[in-house]
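Worksheet: one structure, shown below.
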There are 2 protein chains.
Amino acid sequence: MALTREQLIDAAVGILSEFGLADLSMRRLARELDVQVGALYWHVKSKQELLVDVAAKLLDAVPRPTTPTPALAPLSIAALLRRLRSALIAVPDSAEVMQLAQSMRPESLDPMGWLLEFLQIAGVPQGDATYARHVLVNHLLGSIASHQEAVALSAGAEPDTVSTEWEESAFDYGVRVILQGLALEHPAVV
Amino acid sequence: MALTREQLIDAAVGILSEFGLADLSMRRLARELDVQVGALYWHVKSKQELLVDVAAKLLDAVPRPTTPTPALAPLSIAALLRRLRSALIAVPDSAEVMQLAQSMRPESLDPMGWLLEFLQIAGVPQGDATYARHVLVNHLLGSIASHQEAVALSAGAEPDTVSTEWEESAFDYGVRVILQGLALEHPAVV
DNA sequence: ACCTGAACACCGTTCAAGT
DNA sequence: ACCTGAACACCGTTCAAGT
């Protein structure tokens, strides 16, 4: 039967997860799906558009947390950020893909909406909440990006030279600093 | 006379500044310099290596601030970050290039060293200073990246749809939040 | 030492034409 | 509606051979 847009997205997620963005070409995708390149352009209008859908798909793995009380909101924020990190950290170049999606079609990234909501519940003033979210998201994607560049560079070297431990600490440290800077109680370590 | 590595880097900075990373190809560079593509590979071993030098060159515009006293260190940090932002904001895709350089050859980025130094002077504990720098640099590059993606997307639309004002506020807000989270006095607005 | 010419193995996108 | 075939205008990198 005919190729579907879903299959296209799934195949793209597969290549990205296994080989990274450099290998995620329209031609490779076509080969994998046993069609000619041109066929892909009947289902998506461009590679960029496809990548936005890939980004959204990656975040499907992150479930919406239950809406917290004001007192618990900082904890929920920290937990949500950790889940986002978990969902993306193992997918090469996911930070780059997310950044693209965020600027092209931010409304397709549900968890970012939740984040804003929780910040407001936590008591961050309306006007500041969007700024605050930016700071958190920059930290999230920045941490992931540097992890992934490090992994990419040490690909040839001995495996696991990249200290995941250090990076998790750095990530959590940053989240704590930012939440504290927002004058929210810094959440207890879980 | 013969082509030099310096000329190569300068030409690359020129193309990047005017047209962005998508147009910065080795072939385009060769055309601009009136040589064959292969010639470039006598001066640099790869495009990546060239980009690292481009990143370093972009930061040459940022002068080293005088070493601050502990009390003034937070102010110096904020000022340094603003200067870094100024140096990079108008150069398309500079955030991406910086990120690459940071993971490939961090020691070639002097200002990042100063930042660490100032954080220590400000009283951030030895062990935390590197984490703290990461948070600040993620914020810096993240802010620049989203600005530039926004600019790129609105390239076809009416010019200056991108609110630079909002973004500067968002940037400064983030710096304040982070410094405050580090338990440093947040610097007065200059 | 420095560069040319030419090749190798790729890209994203478009589009007439087929079924 | 969905896809093929083929083209257009590109990539980064390598390397024998030239000067």
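Below, read A as the first sequence line, B as the second, and so on, with proteins coming before strands; counting in each chain starts at 1.
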Salt-bridge present (A:Glu6, A:Lys57; N to O < 4.0 Å): yes

Ion pair check, B:Arg64 and B:Glu117, cut-off under 4.0 Å: yes

Among D:dT4, D:dC2, C:dC3, the one nearest A:Val35 by side-chain distance: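 Nearest listed nucleotide: D:dT4.
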
Shared hydrophobic cluster, A:Leu116 / A:Leu75 (ILVMFWY, side-chain heavy atoms < 4.5 Å): no

Identified side chain to side chain contact (heavy atoms under 4.5 Å, CB included) counterpart of B:His139 within the set A:Ile178, A:Asn138, A:Leu136: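 Of the listed options, the one satisfying the test is A:Asn138.
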
Protein-nucleotide distance (B:Leu3, atom CG; C:dC2, atom P), rounded to Å: 10 Å

Proximity of A:Phe171 and B:His134 rings by center, below 6.0 Å: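 Ring-ring flag for A:Phe171/B:His134: false, centres at least 6.0 Å apart.
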
Short side-chain N/O contact to C:dG5 OP1/OP2 from B:Gln36, under 4.0 Å: yes

Any B:His43 side-chain nitrogen or oxygen under 4.0 Å from OP1 or OP2 of C:dA1: no

Exceeds 12 heavy-atom contacts within 6.0 angstrom, atom CD of A:Glu107: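 For A:Glu107, atom CD is crowded (more than 12 foreign heavy atoms under 6.0 Å).
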
Rounded distance in Å between the P positions of C:dA9 and D:dC10: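 Here C:dA9 and D:dC10 have their P atoms 22 Å from each other.
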
Heavy-atom protein contacts under 4.0 Å, nucleotides 8-19 of chain D, coded B base, S sugar-phosphate only, - none: ---BBBBB----

Listed partners of A:Arg82 passing salt bridge (charged side-chain N to carboxylate O under 4.0 Å, His left out), at least two apart: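 Partners of A:Arg82 by the salt bridge (charged side-chain N to carboxylate O under 4.0 Å, His left out) criterion, ordered by chain and then number, come out as A:Glu168, A:Asp172.
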
Pairing string, 5' to 3', for DNA chain C - Watson-Crick or wobble contacts under 3.5 Å, brackets [ ] where pairs cross, | to another strand: ||.|||||...|||||.||

Residue pair A:Gln148 / A:Ser94, side-chain donor-acceptor N/O under 3.5 Å: yes

